[in-house]
Structure formats: C-alpha cells, structure tokens
Number of protein chains: 2
Amino acid sequence: MLERQSRGDSALLQSPQYETNTLGTLLVLEKRQPLFHSAGSADEVYLIESGLALVYRNLPSGQRQILELVQAGDVCGFTDRSRYVSSCYTLTPCIVRRIRQQDVAVSTSVRSAVTQSLRRRLEACHDHIVLLGRSGAEAKVCALLLWLRDLESAASSNRTSFHVPLTRTEIADYLGLTLETVVRTFKDLERRQIIELNDRYDLRIVALEAMRERASQINR
Amino acid sequence: MLERQSRGDSALLQSPQYETNTLGTLLVLEKRQPLFHSAGSADEVYLIESGLALVYRNLPSGQRQILELVQAGDVCGFTDRSRYVSSCYTLTPCIVRRIRQQDVAVSTSVRSAVTQSLRRRLEACHDHIVLLGRSGAEAKVCALLLWLRDLESAASSNRTSFHVPLTRTEIADYLGLTLETVVRTFKDLERRQIIELNDRYDLRIVALEAMRERASQINR
DNA sequence: CGATTCATTGACAAGCATCAAGTGGCGTGG
DNA sequence: CCACGCCACTTGATGCTTGTCAATGAATCG
C-alpha cells in the first residue's frame, strides 16, 4: 500500500472540487484493499478521489450484505460512534484521502464535501431500497449493470464493452440474491441476446432499451 | 393545519437541543398530513421536533416503497435538486419546523443538526437494506415491531402494550412484502403467543426474547 | 346506508433458495 | 513443468416462501 503525506505537490491533489490539498494522507490503493473494518476504532474518514469501493456488513449468520457502492467524491467512515459498524474495501484501484475524524470539523470545504456526499449516498440508498424491496432478480441485475455501465462511460466513452468490477458473489450480496440466481439471470440475459459476455467480467449491453425496461420492471 | 411564525414564545420552541428558535416556521400537524410531495418544488426542509413521519416513493408500476421512518431530530427534504424525489407524510401528530432550503447554510446549529440527521438516517437505511436483502418475512415484521416498541418505550415507559402507527399496507410497503404476507405473519406470531393484539393497532409483545431471535434470523 | 377503504382468509402458482455435483482458471510447490 | 488444490463460478433437481388472485368481513364516512 502506497502512502505519502499530502503536500499539494502532486497533480492528483490539485482537483479543484475540494480544497483539501493540505489535509489528511493520500492513499494509493490497489483493487481489493481494505479501508476500514467493522469494530475497528473509528478514528478516520476516507474521501474517495477516484475508483470504486464497497461498504458491507457481516451478519451473525455468516451472510454478508453489501450496503453501498461508493465512488469519487464520497466520504465513508464518517460516524459519531467510537467504532465502525460496517466494513469497506476497494473494488478497483483507488486514490483515497484519509482524514482524521476530528479534522473534518476544521475545514469548511471538507465539511461541505461530507454533507454533499451524505446527501448523495442517502439518495443512492433509497434507490437501493427500492431495488431490494420491489424488484425481481432480473430487474435487480439489470439495474446494477446499467449503473456500472454509466459509471464507466462517464470516464471513458465510446467503448462497446465495460468491466464489471464485482464478482458474482458480490453482486449477489449487493442485490440480496444468491450466487446461483445471479448466474442464472446473467445466462438468461445472454441467451436472449440482451447482453454479451467476453469473459465473466467484460460485458457488453446489446439491447440497451430492453435492459432499461427490465431494470424498472416489478416482479415479486 | 396549524401554522404560526416561530418567535420563541412557545414552550414548544424552547427545546434546548437545537438553537433554532428563531428560524423557520413551526407546524403543528395531525397524523397523516403531508409534508412534501415528489416532483414538488424543493424549497424547504422539514425538521421534525416530535412525532413520526415516513418518506416514500411511488413506483411506475403503481407500487409504493416506504424508504424511511423519520423521527424527532431528523431533517427531511434536504436536497440539491430543484424538486423532491420522494414524498413524506406524518404517521402520528407531529411538530415540525419548516425551514427554507437556503436558510440551512446560514445557521450553524441547523447545519450541524442536518449533518447529524443525515448520518443517523444513513445508518438507519443500512439497517433497512440488511432487513430487505437478507431476512424473511417473519424477521422483517419482528424487527419493525421491536423498533416501534423501543420508540414508544423511550417516551412513555411501563406500558405493557404500544400503538402501531402504520397500517398493514404501510408495513408491507416498508418491508417489501405484500399486505397478505404481513397479515399472515401477524397471525402466526399471535398463534404462537409471541404477540397479542388488542385491536389491530394496539400490540403487546409477550415473548420479547423470542421476538429478538426472530428479528435477527435469516430466512430466504 | 351504500360506498369506500383496509384487512382477513384460502387456494394456488411462481420465483427464488437450497443442496449437490461439476467445470475451469490460476497459483504453488514438488 | 505438471499435478494439485483452491476459488469462483456453473448447472441441474427440488421444494419452500412468498406473491397472486379471489371472495369475504369489518370499520368509517358522508
């Protein structure tokens, strides 16, 4: 794990949207590296500058529920408890600013970034709740795939296929399904030529409109 | 709907937890009164001073998903969009402070109340997501009933039974179930003498431990 | 006192979970 | 370098949980 004190001397730190160049520590993380862990001491918050991470909770039964997918601009680990109640790791390579919990109050720009992120994450959770509460397996999978596609196409456009950074198990844990159901749903979409899989993590949406219809369809 | 300008001359306004006595308009609402509606102009935020309200979204299919139950201290309607994306109404009689969206930034205490509430609501949404994603009907119902009970017993203790302020349909829409499943689950719990119903909205938890076990049980 | 809303109950079917047995790729160590 | 094991996934058979549909009951309201 690369780590260095931030002194505003890196191009990465000159992002104009947050004037937090001199605050916190910049982490350059590979994919699938932990940010914080449930029950750990909640000393720091993590501002994601680039990449995708996920927040999850392990349940007493050994099951896992993925709570959120967090992206650039999001702050996680912000709590008034002494220990984290959920865990977090990166899905893609990430640049993350680690800031002491107590320093959040100091900087106006960090505070407003936190508020902004809380607001956006809350709305994302609302979407997630709708998905979990009122959609069938197919709608869940389609909605997630569309979301991941929009994420990529925002960065690098004109690509016909995109990378799915979650394993089938992670998709299942995000959508409240089993691994097997996720696999079968993928197969179904492939059979009906709505998607194409180059390999398991490289996906092309063939029929975008069919996909959108299915994503907003209510089955249960 | 009672409405009056807040001038700090009412006992209701002297709540010490928020020094917002001179900000916004105080609303005294009956149960089941709307606060704001999806697609309405998002001009104001609503700080709940007492009572319980719910936030929901209507889906294209005509279905409804209840997103959150909000209580004293919570702020809802806070968004950077020009229009609300969800709707909100009271479940119980409520005292609500209505504050112009643009005034939120002005008052330090309001700002910190907003942040505090966003944080708490986000964690509540996480709980909700776990419930929707990883629990069976019985666990969902038990968890909600326990939550409602704790809410009441925090206010007026020593009562053997408590009031359920949601209809069966609302419970279903909160838990991502159908009305029928909720009814059957209630009947089951009653038959096994885990709860008792005086009338449909007056409930007593007979076997608290059995209830807690069921609430954290994973079925699906 | 009909009309409306909300809830109850039963019969049935569908969707998804569970269980079980395999497949395929990848890294490790003999 | 190949065998081995591991991990993530794939595929199939089966059944439970929960949704759907339909008919009825109870409470509220103008």
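Labels below follow one simple rule: chain letters A, B, ... track the order of the sequence lines, proteins then strands, and each chain is numbered from 1. Quick caveat, the model's predicted, so the values are computed rather than measured.
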Could you state the [atom1]-[atom2] distance from [X] to [N], rounded to the nearest angstrom?
{"X": "Arg64(B)", "N": "dT5(C)", "atom1": "CZ", "atom2": "P", "value": "14 Å"}
{"X": "Asp188(B)", "N": "dT9(C)", "atom1": "CG", "atom2": "C1'", "value": "13 Å"}
{"X": "Asp202(A)", "N": "dA8(D)", "atom1": "CG", "atom2": "P", "value": "20 Å"}
{"X": "Asp173(B)", "N": "dG19(D)", "atom1": "CG", "atom2": "C1'", "value": "14 Å"}
{"X": "Leu132(A)", "N": "dC16(C)", "atom1": "CG", "atom2": "P", "value": "13 Å"}

Margin query: Could you work out, with side chain to side chain donor-acceptor pair (under 3.5 Å) as the rule, every residue matching Asn58(A), not counting sequence neighbours?
Written below: none

Note to self: Once you measure the plane-to-plane angle for Tyr56(B) and His37(B), does it fall in the parallel (<30°), tilted (30-60°) or perpendicular (>60°) bin?
What the structure shows: perpendicular

Item checked: From CA spacing to verdict: ring-ring contact (aromatic ring centres under 6.0 Å, His included), Tyr174(A), His128(A) -> CA-CA 9 Å; Tyr174(A) 180 74; His128(A) 197 183; 4.1 Å; yes

Notebook entry, point to check: Are the charged groups of Arg121(B) and Asp74(B) less than 4.0 angstrom apart, N to O?
Noted result: no

Checklist line | Lys/Arg-Asp/Glu bridge criterion (N-O < 4.0 Å) met for Arg120(A), Asp80(B) | finding: no

Checklist line | Spacing of CG belonging to Leu189(B) relative to CD1 belonging to Ile195(B), to within rounding of 0.5 Å | finding: 5.0 Å

Look at [X] and [N] and indicate whether a side-chain polar atom (N or O) is within less than 4.0 Å of OP1 or OP2.
{"X": "Thr181(A)", "N": "dG15(C)", "answer": "no"}
{"X": "Thr178(B)", "N": "dT20(D)", "answer": "no"}
{"X": "Arg168(A)", "N": "dT10(D)", "answer": "yes"}

Item checked: DNA chain D-proximal residues of residues 192-201 of chain A, any heavy atom under 4.0 Å -> Arg200(A), Tyr201(A)

Notebook entry, point to check: Starting at the 5' end of DNA chain C, which residue's closest nucleotide do you reach first, Arg184(B) or Glu180(A)?
Noted result: Arg184(B)

